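Bear in mind the structure is a predicted one, so any value in this text is a computation, not a measurement. Only heavy atoms go into these numbers, but all of them, side chains included; no hydrogens, no water, no symmetry mates.
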Amino acid sequence: DGGITQSPKYLFRKEGQNVTLSCEQNLNHDAMYWYRQDPGQGLRLIYYSQIVNDFQKGDIAEGYSVSREKKESFPLTVTSAQKNPTAFYLCASMGNTEAFFGQGTRLTVV
Amino acid sequence: KQEVTQIPAALSVPEGENLVLNCSFTDSAIYNLQWFRQDPGKGLTSLLLIQSSQREQTSGRLNASLDKSSGRSTLYIAASQPGDSATYLCAVWLGYGQNFVFGPGTRLSVLP
């Protein structure tokens, strides 16, 4: 069953804590993306990666970090430097020219 | 900088109506345009992909058109059903090595 899997579905973070969101794909796609979605706003790009061991900052990269050690995996770490991390996070991968999305992770600061 | 807008922001229609959702982008130098559907609390589901060289794509009751020169795309939904209720987003892809730019979405409610 091919697709993109994000985990966990819900995540709670305490103040000052780093948390990591997982994104795995078995579609053999080279490009992967992380977006943030806030209520009433469009999707905003955090980071993207075109190939293994390479990634670029998006529009709102501050307070986030990523790695791309394997083609299938593109984890996103939300660091304590991110002052307002409560949001819905979406991961996508792209094959040929069409994008496919995971089901999202909702992160809440408690 | 590429900007994408969608009109209307929200739409409520009775079941059975045909409807049109609009998407506009400021820079015509796009590689393709994709329409997505998002249900509350869920990820995005791809509906239609239109390459920059194409004028339209169809899937079932959905038809999407693209006028690249004027920076516009429309999503036509025929014979709407309550199950069509969702937020519809359009996104333009700027090409290899670049990212997608999304519109804010149109929230559709189809009333039984």
Would you mind reporting whether A:Leu43 and B:Leu44 have side-chain heavy atoms less than 4.5 Å apart? yes
Segment of A:Leu45 engaging chain B (4.5 angstrom heavy-atom cut-off): side chain
When you group the ILVMFWY residues by side-chain heavy-atom contacts below 4.5 Å and let the links chain together, are B:Leu66 and B:Val4 in the same group? yes
Find out if a path of hydrophobic residues (ILVMFWY) with successive side-chain heavy-atom gaps under 4.5 Å connects A:Met32 to A:Val52. no
Using the rule that Ile, Leu, Val, Met, Phe, Trp and Tyr join whenever any side-chain heavy atoms are under 4.5 Å apart, tell me whether B:Val92 and A:Met94 fall into a single cluster. no
Atom group of A:Ala99 that falls short of 4.5 Å from chain B, counting heavy atoms: both
For chain A, which of B:Gly41, B:Gly103, B:Pro104, B:Gly95 has the most heavy-atom pairs under 4.5 Å? B:Gly41
In terms of hydrophobic clusters joined by side-chain contacts under 4.5 Å, are B:Leu62 and B:Leu33 together? yes
A:Phe88 versus chain B, heavy atoms under 4.5 Å apart: side chain, backbone, both or neither? side chain
Hphob cluster co-occupancy, B:Leu75 + B:Val110, side-chain heavy atoms under 4.5 angstrom: yes
Could you tell me the separation between the CZ atom of B:Phe100 and the CZ atom of A:Phe101, rounded to the nearest 0.5 Å? 7.0 Å
Under the rule for ring-ring contact (aromatic ring centres under 6.0 Å, His included), what residues qualify as partners of B:Phe25, not counting sequence neighbours? none
Distance-only donor-acceptor screen, chain A against chain B, under 3.5 angstrom:
| residue | atom | partner | partner atom | Å |
| --- | --- | --- | --- | --- |
| A:Tyr33 | OH | B:Gln98 | O | 3.4 |
| A:Tyr35 | OH | B:Phe100 | N | 3.4 |
| A:Tyr35 | OH | B:Phe100 | O | 3.4 |
| A:Gln37 | OE1 | B:Gln38 | NE2 | 2.9 |
| A:Gln37 | NE2 | B:Gln38 | OE1 | 2.9 |
| A:Tyr48 | OH | B:Gly97 | O | 3.2 |
| A:Thr97 | O | B:Asn32 | ND2 | 2.7 |
| A:Thr97 | OG1 | B:Gln51 | NE2 | 2.7 |
| A:Glu98 | OE2 | B:Ser46 | OG | 2.9 |
| A:Ala99 | N | B:Gln34 | OE1 | 3.2 |
| A:Ala99 | O | B:Gln34 | NE2 | 3.0 |

Taking atom CD1 of B:Ile7 as the centre, does the number of heavy atoms from other residues, nucleotides or ligands within less than 6.0 Å exceed 12? no
Is it the backbone or the side chain of B:Leu49 that comes under 4.5 Å from a heavy atom of chain A, or both, or neither? side chain
